[in-house]
Amino acid sequence: MVRKILRYGEPVLEQRAEDVTEFDTPELRELISDMWETMYAAKGVGLAAPQVGVSKRISVIDVSVGEDESKKIVIINPEITSKEGKQTGEEGCLSIPGFREPVTRANCVTVRAKNDKGEDIELPGEELLARAFQHEIDHLNGILFINHLSALKRDIIRRKIKKLQKAGEWD
Ligand code: NI
């Protein structure tokens, strides 16, 4: 089932999400399946559970956007255990549609997490995948890509969003 993607302004997007403690349950399987459907319907490369209103530490990532089954990654309770190098590139977010800005991130990261069965996994990523890991793990900590911009740029975006909200064009 495609779920509604919440937009910037919803408090759940700026809260630290809770650890997942039960794995391999029907509820978790359904949530993850819905997250995939929702992400592909929106043509995103990643989606975090808080974006569909569920404050749990779960993200799905597919940098091939549905082209390559082997690229599908589910990370639960993830932590970044190493970071190296720098990259700067345009970033957007399904919860902040219509806005893209350059963001500087680590170029290579290693992520330690659980998979959907509760097994420990360790995943290296570079370039686009490293960016997706950092963006999606930020979501689980209540951090959005606009938090990485200068205060000036962030305020400009916030003001534009406020206007869209007033016009009823932001939900
Ligand atoms: Ni996002």
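Remember, it's 1-based here, ligands and their atoms both numbered in the order they're listed.
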Scan the side chains in residues 161-171 for donor-acceptor partners under 3.5 Å anywhere in the protein, sequence neighbours excluded, and list what turns up.
residue, atom, partner, partner atom, Å
Trp170, NE1, Tyr8, O, 2.9

*Once you round to the nearest 0.5 Å, how far does OG of Ser55 lie from CD of Gln15?*
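The OG atom of Ser55 sits 5.5 Å away from the CD atom of Gln15.
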*Check: His148/Arg105 side-chain N/O donor and acceptor closer than 3.5 Å*: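 Yes.
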*Pair Asn141, Arg16: side-chain N/O donor-acceptor within cut-off below 3.5 Å*: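 Yes - a donor-acceptor pair under 3.5 Å links their side chains.
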*If you leave out waters, which protein N, O or S atoms are less than 2.8 Å from the Ni ion (ligand 1)?*
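Protein N, O or S atoms closer than 2.8 Å to the Ni ion (ligand 1): Cys93 SG, His135 NE2, His139 NE2.
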Return all side-chain donor-acceptor pairs below 3.5 angstrom for residues 60-69, not counting sequence neighbours, or 'none' if the list is empty.
residue, atom, partner, partner atom, Å
Asp62, OD1, Ser64, N, 2.8
Asp62, OD1, Ser64, OG, 2.7
Asp62, OD1, Val65, N, 3.3
Asp62, OD2, Tyr40, OH, 2.5
Asp62, OD2, Gly66, N, 2.8
Ser64, OG, Glu67, N, 3.2
Ser64, OG, Asp68, N, 2.8
Ser64, OG, Asp68, O, 3.4
Asp68, OD1, Ser70, N, 3.0
Asp68, OD1, Ser70, OG, 2.7
Asp68, OD2, Ser70, OG, 3.3
Asp68, OD2, Lys71, NZ, 3.4

*Can you list every side-chain hydrogen bond (donor to acceptor under 3.5 Å, both in side chains) pair that touches residues 29-39, not counting sequence neighbours?*
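Matches after skipping sequence neighbours: Arg3-Asp34, Asp24-Arg29.
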